[in-house]
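Shown next, in structure tokens, is the structure this report addresses.
Counting convention: from 1, in listed order, for ligands and their atoms alike. Keep in mind it's a predicted model, so treat the numbers as computed, not measured.
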Amino acid sequence: MVLGGGTAGELVAAGLARAGRDVALVENRLVGGESPYFACVPSKSLLLSARRGETWEMALARRDELAGRRGDDPAVARMAEAGVTVLRGRGRVLEPGRVEVDGAVHGYGDLVVCTGSEPVIPPVEGLADVPLWTSAEALSVPDLPRRLVILGGGPVGCELAQVYAAFGSQVAVVEASGRLLTAEAPFAGEVVADALRRMGVDLRLGAAVGNVERKDVGVRLWLSDGGTLDADRVLVAAGRRPRVEGLGLETLGIAVSPGEGVPVDETCRVPSSTGGVWAAGDVTGIARTTHAARYQAQIVLANLLGRRREADYRAIPRVVHTSPSVYSVGISPTRAAELRIDLLTAGYDLAATARAAVEADERGRVELYADRSRGLLVGAAAAGRHAEEWMSEIALAIRAETPLSLLADVVHAFPTYGEAVEAPLRELAERWRRDGTSEEDRDERDRRPGPAGAR
Ligand SMILES: Cc1cc2nc3c(=O)[nH]c(=O)nc-3n(C[C@H](O)[C@H](O)[C@H](O)COP(=O)(O)OP(=O)(O)OC[C@H]3O[C@@H](n4cnc5c(N)ncnc54)[C@H](O)[C@@H]3O)c2cc1C
Ligand SMILES: NC(=O)c1ccc[n+]([C@@H]2O[C@H](COP(=O)([O-])OP(=O)(O)OC[C@H]3O[C@@H](n4cnc5c(N)ncnc54)[C@H](O)[C@@H]3O)[C@@H](O)[C@H]2O)c1
């Protein structure tokens with residue numbers, strides 16, 4: 001029994017059925033989940049239309065065509081062809097081995113929880129009384145608000161700010177922390193902030209919304225810094241939380257803390273649960289992207305089919321598909337500080353590449369982070385034109401723990417943005433060679449007197 005038929009659920013269900021297992025997929029909305037209808041696909045379609053300078057009408061037509069007009073007949077047919085029984089309705093576990101779907105009770109041997117995530121609506125006074133959009137509405141309705149205020153400057157807020165500003169809405173983004181894309185290296189948020197400001201987006205960074213009031217026309221938002229904003233529509237992009245409520249997980253002995261995901265071990269099995277319970281995708285709260293949902297689904301599939309496989313999350317990319325785009329992978333400087341990992345950092349401005357001159361687009365930068373104690377790349381971030389397309393080698397380098405000396409010897413084609421990683425890789429390799437092979441060695445050397453120990 002697979003609970004939730006989004007990216008992860010579909011993949012697990014079809015894979016098991018193709019391997020001859022008896023599989024039911026429970027879905028209460030659309031088979032396919034968020035990504036094709038309300039998230040990745042329509043947002044990337046609108047961003048592309050914006051880059052191409054299409055009209056809003058053309059962009060909507062393209063978006064809705066790509067999103068299959070939010071109809072799931074093809075996805076249901078794919079499931080049927082794989083041999084999966086689709087049960088329409090809301091699923092809830094009654095007790096180990098039994099799930100209720102809209103009044104009907106079904107038995108199961110193994111349960112895979114793939115119920116995704118849902119937007120968080122911040123507890124702002126008056127917010128519940130005004131018409132709100134979450135990203136799902138912003139990516140499925142035809143309206144183009146004249147004045148749009150977006151709460152939250154994470155990946156969703158930045159992508160949708162760019163979409164709506166490009167098609168002519170007056171957009172303001174209110175971000176409580178002092179910068180956009182707070183989870184990533186500061187320069188990434190600065191590059192995106194610069195691009196949004198150039199499009200006329202009003203960025204209110206370091207300000208929270210105090211309260212919201214309905215006006216005769218639209219709404220007024222009062223900010224913590226004393227400012228106000230008037231809007232015809234408020235879009236909440238203030239984060240998402242794993243969808244775990246009402247699933248009956250407690251009957252399986254699974255305790256989930258508020259706002260957290262279903263706990264899973266490295267095989268994506270839920271430890272300490274009664275019976276075989278597994279989870280994949282956003283509901284685990286681990287990586288929250290479609291490619292991570294797919295990866296975890298493959299892990300569940302392999303283990304359920306008797307081939308033990310463990311997930312490794314060290315090199316899962318995170319992309320913000322704005323123009324310029326942001327690609328991050330592995331550990332960010334903020335995360336490294338939390339984990340007390342001492343980083344060697346090297347960066348390079350894309351403007352110094354020949355490709356930037358050829359493209360007449362000199363925006364952006366790349367930064368690489370190595371663990372100083374091991375001499376291995378553990379993270380990277382790039383903001384720039386098509387960064388998501390030329391940074392994958394860094395994900396491979398992190399995942400494969402490729403030595404810096406070897407990475408520094410890799411040749412990139414001329415003239416490409418990919419050349420931008422060569423200088424920082426050489427710098428990191430040189431600093432690692434110079435600084436020593438391990439923390440103990442360096443400490444030992446630092447204790448020695450004379451220039452050899454000088455840092
Ligand atoms: C605006 C936006 C843009 C994004 N863009 C990208 C992007 O460009 N690239 C990227 O990699 N990621 C992107 N993401 C993230 C991506 O959409 C998610 O990581 C991905 O959809 C997660 O897949 P999932 O299978 O875990 O969950 P979902 O696709 O959400 O599937 C969960 C399914 O479970 C169903 N369900 C829930 N509870 C029950 C129940 N009790 N009974 C029956 N069915 C139930 C739901 O109806 C849903 O269909 C974006 C997200 C947003 C919000
Ligand atoms: N391209 C992609 O892969 C992609 C694109 C979009 C979203 N996603 C996924 O979707 C998830 C959700 O993205 P998101 O941008 O909604 O969440 P997020 O948690 O990344 O960002 C939310 C932002 O809202 C701010 N915020 C929260 N409450 C606020 C308030 N009251 N006022 C002002 N600001 C407030 C936070 O400081 C934070 O910066 C992410 O986990 C991401 O992985 C992925």
Side-chain angles (χ1 to χ4, degrees), residues 2-12 25-44 47 72 75 87-93 99-102 113-124 127 134-136 138-139 150-160 173-184 189 204-210 221 223-224 236-248 261 279-285 287-294 296-297 316-322 325-328 388:
V2 180
L3 203 53
T7 299
E10 240 197 302
L11 219 148
V12 172
L25 177 70
V26 187
E27 173 53 53
N28 72 334
R29 201 178 182 192
L30 293 171
V31 175
E34 292 280 323
S35 177
Y37 313 113
F38 303 106
C40 317
V41 172
S43 58
K44 267 75 269 178
L47 284 160
D72 66 354
L87 302 174
R88 294 272 188 190
R90 192 170 177 71
R92 185 171 61 96
V93 181
V99 164
E100 183 209 300
V101 183
D102 283 356
V113 182
C114 301
T115 48
S117 62
E118 59 199 4
V120 172
I121 310 294
V124 171
L127 197 58
T134 65
S135 52
L139 291 168
I150 302 180
L151 285 196
V156 173
C158 289
E159 289 186 359
L160 291 177
V173 176
V174 183
E175 168 52 56
S177 78
R179 56 188 170 93
L180 297 179
L181 305 176
T182 39
E184 306 303 346
R204 304 293 180 99
L205 306 179
V209 177
L221 296 94
L223 309 187
S224 58
V236 178
R240 296 179 70 85
R241 66 168 161 249
R243 197 183 278 123
V244 290
E245 258 175 46
L247 300 180
D282 279 15
V283 76
T284 65
R288 302 178 189 219
T289 58
T290 296
H291 41 278
R294 285 185 177 162
Q296 290 181 310
I316 309 271
R318 307 177 294 277
V319 175
V320 187
H321 294 265
T322 41
S325 57
V326 174
Y327 175 102
S328 321
E388 73 281 15

Original post:
Leu151 and Pro122: which non-hydrogen atoms are nearest, and at how many Å?
Top reply: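 Minimum heavy-atom contact is CD1-CG, 4.3 Å.
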
Original post:
Which atom pair, heavy atoms only, marks the closest approach of Thr115 to Val283?
Top reply: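 So the minimum-distance heavy-atom pair works out to OG1-CG2, 3.3 Å.
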
Original post:
In Å and rounded to the nearest 0.5 Å, what is the CG to CG distance from Asn28 to Leu87?
Top reply: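 Nearest 0.5 Å value for the CG-CG distance: 12.0 Å.
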
**OP:** Look up atom CD1 in Ile316 and atom CZ in Arg288, then write down how far apart they are to the nearest 0.5 Å.
**Re:**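 Result: 14.0 Å between the selected atoms.
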
Subject >> Over-ring placement of Arg29 relative to Tyr37, 6.0 Å and 45° cut-offs >> reply: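 So Arg29 doesn't make the cation-pi contact.
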
Subject >> salt bridge (Lys or Arg N to Asp or Glu O under 4.0 Å) against Arg90, all qualifying residues, sequence neighbours excluded >> reply: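 With sequence neighbours excluded, Arg90 shows a salt bridge (Lys or Arg N to Asp or Glu O under 4.0 Å) to no residue whatsoever.
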
Original post:
Any donor-acceptor pair under 3.5 Å linking the side chain of Asp72 with the backbone of Leu30?
Top reply: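 No, the answer is negative, given that no donor and acceptor are paired below the 3.5 Å cut-off.
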
Subject >> Neighbouring residues of ligand 2, heavy-atom cut-off under 4.0 Å >> reply: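 Residues Pro122, Gly152, Gly153, Gly154, Pro155, Val156, Glu159, Val174, Glu175, Ala176, Thr182, Ala237, Ala238, Gly239, Arg240, Arg288, Thr289, Val319, His321 each place a heavy atom under 4.0 Å from ligand 2, listed by chain and number.
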
**OP:** Return yes when atom CZ of Arg294 has more than 12 non-hydrogen atoms of other residues, nucleotides or ligands closer than 6.0 Å, and no otherwise.
**Re:**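 Not buried by this count: 12 neighbours or fewer within 6.0 Å.
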
**OP:** Not counting sequence neighbours, which residues clear side-chain hydrogen bond (donor to acceptor under 3.5 Å, both in side chains) with Thr322? List them please.
**Re:**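 Testing Thr322 for side-chain hydrogen bond (donor to acceptor under 3.5 Å, both in side chains), a comparison that skips the adjacent residues, returns none.
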
**OP:** Enumerate the protein residues lying less than 4.0 Å from ligand 1, judged by heavy-atom distances, in chain and residue-number order.
**Re:**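 Residues near ligand 1: Gly4, Gly5, Gly6, Thr7, Ala8, Val26, Glu27, Asn28, Arg29, Leu30, Gly33, Glu34, Ser35, Ala39, Cys40, Ser43, Lys44, Gly89, Arg90, Gly91, Cys114, Thr115, Gly116, Ser135, Leu139, Val156, Arg240, Arg243, Leu247, Gly281, Asp282, Arg288, Thr289, Thr290, His291, Ala293, His321.
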
